[in-house]
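Scroll down for the structure; my scribbles are underneath it.
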Amino acid sequence: MAKSKLIKANKKIAETVVNGYKDIENRVVGTYTKIEDKFVDQYLTHEGESVEDAKKRIAREQAAADERHKAEAEARTAGKKMRAEAKI
């Protein structure tokens, strides 16, 4: 019986801690999102563009830049490999 009460108390404590953590996490994420939206609205939107559209445009531009950098890195690696083989 004592074990059962202890287990129940531990479960209740665990639920309280987890719920408190989730509440803090939601507040932090919500606040970050508000700050991010204000920044995008203030500095990154084009005329007549919504914050959501600006975020999508920025994500597309970033993906294109990442692909371009990846291709450039592969080209450099291939060039180095060809020069190394030419020396042999």
Side-chain angles (χ1 to χ4, degrees):
M1 194 90 164
K3 215 176 196 184
S4 172
K5 288 181 183 180
L6 188 58
I7 291 172
K8 288 180 184 178
N10 281 340
K11 284 184 181 181
K12 187 174 180 179
I13 291 169
E15 288 175 7
T16 303
V17 169
V18 169
N19 290 336
Y21 173 82
K22 287 180 182 179
D23 185 43
I24 292 169
E25 180 183 31
N26 290 336
R27 283 192 224 160
V28 169
V29 170
T31 302
Y32 174 81
T33 303
K34 287 180 187 177
I35 293 169
E36 179 184 37
D37 288 348
K38 283 192 178 271
F39 179 83
V40 169
D41 185 38
Q42 180 98 21
Y43 298 107
L44 302 176
T45 55
H46 292 160
E47 193 171 323
E49 186 178 42
S50 70
V51 172
E52 293 81 21
D53 292 340
K55 285 183 175 182
K56 289 176 186 175
R57 176 182 49 80
I58 292 166
R60 281 193 311 270
E61 291 172 356
Q62 185 63 46
D66 289 346
E67 283 296 318
R68 188 173 57 250
H69 294 148
K70 183 178 177 184
E72 290 171 356
E74 289 173 354
R76 281 192 303 273
T77 302
K80 287 179 183 178
K81 192 179 254 186
M82 289 177 69
R83 286 190 297 274
E85 290 173 357
K87 289 181 179 180
I88 295 177

I'd like a table of donor-acceptor pairs (distance under 3.5 Å, sequence neighbours excluded) in which one partner is a side-chain atom from residues 8-22, with atom names and distances.
residue	atom	partner	partner atom	Å
Thr16	OG1	Lys12	O	2.9
Asn19	ND2	Glu15	O	3.2

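- For the atom pair Asp37 CG and Thr45 OG1, the distance stands at 11.0 Å (nearest 0.5 Å).
- The pair Asp53-Arg57 does not meet the salt-bridge criterion, since no charged nitrogen lies less than 4.0 angstrom from a carboxylate oxygen.
- Looking at residues two or more places apart in sequence or on another chain, you find no side-chain hydrogen bond (donor to acceptor under 3.5 Å, both in side chains) involving Gln42.
- Side-chain atoms of Asp66 and Gln62, non-hydrogen and from C-beta on, do get closer than 4.5 Å to each other.
- For the atom pair Asp41 CG and Glu49 CD, the distance stands at 10.0 Å (nearest 0.5 Å).
- Atom CZ of Arg60 is separated from atom NZ of Lys56 by 8.5 Å, given to the nearest 0.5 angstrom.
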query: Taking it one step at a time, do Val51 and Glu36 satisfy side chain to side chain contact (heavy atoms under 4.5 Å, CB included)?
result: CA-CA 10 Å; Val51 172; Glu36 179 184 37; over 6 Å; no
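- Under the side chain to side chain contact (heavy atoms under 4.5 Å, CB included) criterion, Ile58 pairs with Leu44, not counting sequence neighbours.
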